[in-house]
Trainee: 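Quick one: the structure is below, questions incoming.
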Amino acid sequence: MKEEQLFEQMKLWRNWTVELLRTIPKEVVDEIPNGFNNNIRWNVGHILVGWDHTMFPSVNEERRLPMSYHLMFPRGSKPEVWTEQPPSMDELITLLEEQPILIEKACKGHLDKPLKEPFLGLKTVGDMLVFHMNHENLHMGTIKSMKQILIK
């Protein structure tokens, strides 16, 4: 797949993510349904942090999100241990809308560049881009399931 197509796919998936999130009432984003470890707000922050944590450093650029996000939303974290107020859903959605543009700008022309160290068997920046599209899709499935349970 050509570079341009990959970036278009990334933006397409992200638009679907944003569209789904706009259908969820803010009153339920912090509820943790039975059988889940986290809430909708955590899943959204985790999507942002996953992209930010790996894509920018892979092309020798600084991460764009504040360190507080990286402390609040990494793999294995939970809202119960947050010590500060999480970002609002409006803020998270705005960042979701802006992030693909920043990633494309930073990574354009670098998708064939080898990663400094392999990540889950991935070897290039382009591999990482595809991984994160799939990772985001996985969390979107979780958010959809949570929405079905939380909105009666």
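Model, not experiment: these values are computed from the prediction.
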Trainee: Between Lys11 and Glu104 (salt bridge meaning N to carboxylate O under 4.0 Å), is one present in this structure?
Mentor: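 Yes.
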Trainee: Is the count of non-hydrogen atoms from other residues, nucleotides or ligands lying under 6.0 Å from Asn137 atom CG greater than 12?
Mentor: yes
Trainee: I'd like to know whether CD of Glu80 has more than 12 heavy-atom contacts from other residues, nucleotides or ligands below 6.0 angstrom.
Mentor: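 More than 12 within 6.0 Å, yes.
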Trainee: At their closest point, which heavy atom of Leu96 faces which heavy atom of Leu21, and how far apart are they?
Mentor: CD1-CD1, 3.3 Å
Trainee: Contact between Asp112 and Val125 at the side-chain level, heavy atoms closer than 4.5 Å - yes or no?
Mentor: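 In short, these two side chains do not touch, never coming nearer than 4.5 Å.
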Trainee: Indicate the atoms forming the closest heavy-atom contact of Ile40 with Met146, along with that distance.
Mentor: CG1-SD, 3.7 Å
Trainee: Would you say the side-chain atoms of Glu3 pair up with the backbone N or O of Lys108, donor to acceptor, closer than 3.5 Å?
Mentor: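 Answer holds: no.
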Trainee: Could you check whether atom NE2 of His135 has more than 12 heavy atoms from other residues, nucleotides or ligands sitting under 6.0 Å from it?
Mentor: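 Counting other residues, nucleotides and ligands, NE2 of His135 exceeds 12 neighbours.
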Trainee: Is a donor on one side and an acceptor on the other found under 3.5 Å between the side chain of Asp127 and the backbone of Thr124?
Mentor: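 Side chain of Asp127 to backbone of Thr124, a donor-acceptor pair under 3.5 Å: yes, one is there.
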Trainee: Would a hydrophobic clustering, with Ile, Leu, Val, Met, Phe, Trp and Tyr connected at side-chain separations under 4.5 Å, put Met55 with Leu138?
Mentor: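 Cluster IDs for Met55 and Leu138 differ.
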Trainee: Is there a path of hydrophobic side-chain contacts, each under 4.5 Å between heavy atoms of I/L/V/M/F/W/Y residues, joining Leu111 to Phe119?
Mentor: yes
Trainee: With rounding to the nearest 0.5 Å, note down the distance linking CD1 in Ile151 to OG1 in Thr23.
Mentor: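 Here the interatomic distance stands at 6.5 Å.
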Trainee: Just verifying a value: how many Å separate Met128 CE and Thr54 OG1, rounded to the nearest 0.5 Å?
Mentor: 4.5 Å
Trainee: Give the cluster check for Leu120 versus Met133: same hydrophobic cluster or not, with ILVMFWY residues linked at side-chain heavy-atom distances below 4.5 Å.
Mentor: yes
Trainee: Could you tell me the separation between the CD1 atom of Ile143 and the CG atom of Leu150, rounded to the nearest 0.5 Å?
Mentor: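 Reported to 0.5 Å precision, the distance equals 11.5 Å.
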Trainee: For the residue pair Trp42 and Phe73, what are the closest heavy atoms and their distance?
Mentor: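 Minimum heavy-atom separation between Trp42 and Phe73: O-CD2, 3.6 Å.
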Trainee: Can Glu31 and Asn39 be said to form a side-chain contact (heavy atoms from CB on, under 4.5 Å), step by step?
Mentor: CA-CA 6 Å; Glu31 292 182 37; Asn39 56 36; 5.9 Å; no
Trainee: Give the intermediate values and the outcome of side-chain contact (heavy atoms from CB on, under 4.5 Å) for residues Lys113 and Ser58.
Mentor: CA-CA 9 Å; Lys113 180 182 172 192; Ser58 72; over 6 Å; no
Trainee: Taking only Lys NZ, Arg NE, NH1 and NH2, and the carboxylate oxygens of Asp or Glu, determine whether Arg22 and Glu97 approach each other closer than 4.0 Å.
Mentor: yes
Trainee: Does Ser77 use its side chain to pair, donor to acceptor, with the backbone of Met72 at less than 3.5 Å?
Mentor: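 Flag set: sc Ser77 to bb Met72 pair under 3.5 Å.
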Trainee: Is the shortest side-chain heavy-atom distance between Val130 and Gln9 below 4.5 Å?
Mentor: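 When only atoms from C-beta onward are counted, Gln9 and Val130 do not touch, as no gap falls below 4.5 Å.
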Trainee: Check for me, please, whether Val44 and Ile149 land in the same ILVMFWY cluster - side-chain distances under 4.5 Å, paths through other members count.
Mentor: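 Looking at the clustering, Ile149 is in the same group as Val44.
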Trainee: For the CE atom of Met10 and the CG atom of Leu6, what is their distance to the nearest 0.5 Å?
Mentor: 9.0 Å
Trainee: Kindly say whether Lys2 contributes a backbone atom to a donor-acceptor pair with the side chain of Gln5 at under 3.5 angstrom?
Mentor: yes
Trainee: Any donor and acceptor pair, going by atom type alone, linking the side chain of Lys116 with main-chain N or O of Pro57 inside 3.5 Å?
Mentor: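 Yes: the side chain of Lys116 pairs with the backbone of Pro57.
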Trainee: Which is it for Leu20 and Lys147 under the side-chain contact (heavy atoms from CB on, under 4.5 Å) test, yes or no, and what are the steps along the way?
Mentor: CA-CA 10 Å; Leu20 171 66; Lys147 178 186 174 189; 4.2 Å; yes
Trainee: Side chain of His132, backbone of Gly50: donor and acceptor closer than 3.5 Å?
Mentor: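 Looks like yes, one N/O pair under 3.5 Å.
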Trainee: Ignoring hydrogens and geometry, is there a side-chain-to-backbone donor-acceptor pair from Asp52 to Arg63 under 3.5 Å?
Mentor: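 Checking the backbone N and O of Arg63 against the side chain of Asp52, no donor-acceptor pair under 3.5 Å is found.
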Trainee: Considering all heavy atoms of both residues, which atom of Arg14 and which atom of Ile47 are nearest to each other, and what is their separation?
Mentor: NH2-CG2, 3.8 Å
Trainee: Under the side-chain hydrogen bond (donor to acceptor under 3.5 Å, both in side chains) test against Glu136, which residue among Trp51, Trp16, Trp13 passes?
Mentor: Trp51
Trainee: Report the distance from atom NE2 of His139 to atom NE2 of His46, rounding to the nearest 0.5 Å.
Mentor: 3.5 Å
Trainee: With side-chain contact (heavy atoms from CB on, under 4.5 Å) as the criterion, how do Arg64 and Gln99 come out once you've worked through the C-alpha distance, each side chain's angles and the decisive distance to 0.1 Å?
Mentor: CA-CA 9 Å; Arg64 303 303 200 271; Gln99 191 178 52; over 6 Å; no
Trainee: Under 3.5 Å, is there a donor-acceptor pair between the side chain of Arg41 and the main chain of Pro87?
Mentor: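 Yes, Arg41 side chain to Pro87 backbone: donor-acceptor pair under 3.5 Å.
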Trainee: Please report the closest heavy-atom contact between Ile103 and Phe7, naming both atoms and the distance.
Mentor: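 In terms of heavy atoms, the two residues are closest at O-CE2, 4.4 Å.
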Trainee: Got a second to check how far Met89's CE is from Thr94's OG1, nearest 0.5 Å?
Mentor: 10.5 Å
